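Keep in mind that this is a model prediction, so the values were computed, not measured. As the structure lists them, so they are numbered: ligands from 1, and atoms in each ligand from 1.
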Amino acid sequence: MISRRDFLKTSALAMGSLSMPSLVGCAGGSKEAAPATPTSKSFIGLQTYSVGQELGEDVPAGLAKLKSFGYTDLELAGYREGKQGGIDPAEYKKMCDDAGLKITSAHVGTPSQYKTPEEQFIEEWKKTVEDHVTMGAGWIIDPSMPQCATVDEVKQACERFNKAGEICKAAGIQFGYHNHNNEFNKIATPEEMEEGRKKVIEMIKTRFNMPNPTEEMVNNMLSRGGNAPGNYYEKLYMDFTDPELVMFELDCYWCMIGDQDPCEWIRDYKDRIKMLHIKDRWIIGDSGMMNWPNIFKTAYEAGIEKWFVELEGNGKGRTQMEGVEESAKFLLAAPYVKA
Ligand code: MG
């Protein structure tokens, strides 16, 4: 079996653009030591937002490092005005090709700004899609929640998602939506709100034996997850978008922060959720709050094969690169992640 150190050396030689000292520094361990964990798996994805700042300092060297950590696929962040992280898309793709990394997906936030006039949106979005075809991305994902105050506005936003999906589909790309935690708040129509209010008043009267509940008491009960009328935003996005045009990338961590079970969502919406964000409080596996064995098992059973590590900030005194390296190590060693 190839040792980690040899693997890194080989990668560096193939790359030609890296200084050896920095790579040796990454490899660690003694020269003769057998690798404690596998050095590669068929798919280890990374959302490049995780290393945005440090990758931007020297993109070819940064990409080579990511490859050496065991990442195989990227989901890009940072596309703006025709440039990927300030670099021409064709050039960026070449850098990734040279590093041996596949651009599988990309986050682009425009469709959530659904109040932009449609003609303007279509023109800008076509250019965005064209640039992502150039980079070879198979998916474009909107990572930002649209600002919707009513269910009707949610419908309008979903029409824009459908339009984005239609333009993507014509170019051979799949469009999708990525959640944070606020998607697991509920929103109700005026009728649903009225109905919910009646139910809560009835419940307070009967269950708590209080014949005259105050307005404050009713509003307090209505604001609690289980009693809140209406539907989760995430569910409405699924209901109001065309399954042929819009898929979903479930961020498992934000789903948990939204007081939800990611496995339940993956099972219930296995026809819509096609990719995951593997995110934890900081390094993957560090917090113990995410049930990764169960999440991966459920995802594979649902046919999900693509997922991307995502780290936020650079806590615990580690650099962004150290964070994604540690996370890759954890997943390379995880027996429940496909080899
Ligand atoms: Mg995410």
Exercise for the section: Would you mind telling me which of Trp125, Trp139, Tyr79 makes a ring pair (Phe, Tyr, Trp, His ring centres under 6.0 Å) with His132? Expected result: Tyr79

Exercise for the section: From the options Glu310, His107, Glu312, select the one residue that forms a side chain to side chain donor-acceptor pair (under 3.5 Å) with Tyr49. Expected result: Glu312

Practice task
For residues 262-271, pull every pair meeting side chain to side chain donor-acceptor pair (under 3.5 Å), keeping only residues two or more places apart or in separate chains.
Solution key: Gln260-Trp265

Practice task
Could you please spell out the steps behind the side-chain contact (heavy atoms from CB on, under 4.5 Å) verdict for Lys186 and Asn231?
Solution key: CA-CA 5 Å; Lys186 285 181 174 176; Asn231 288 288; 5.7 Å; no

Practice task
Look at the aromatic rings of Phe43 and Phe308 and report parallel, tilted or perpendicular, splitting at 30° and 60°.
Solution key: perpendicular

Problem - Distance, nearest 0.5 Å, that separates CH2 of Trp307 from CD of Glu249 - result: 12.5 Å

Exercise for the section: Report, as a single number, the protein N, O or S atoms less than 2.8 Å from the Mg ion (ligand 1). Expected result: 4

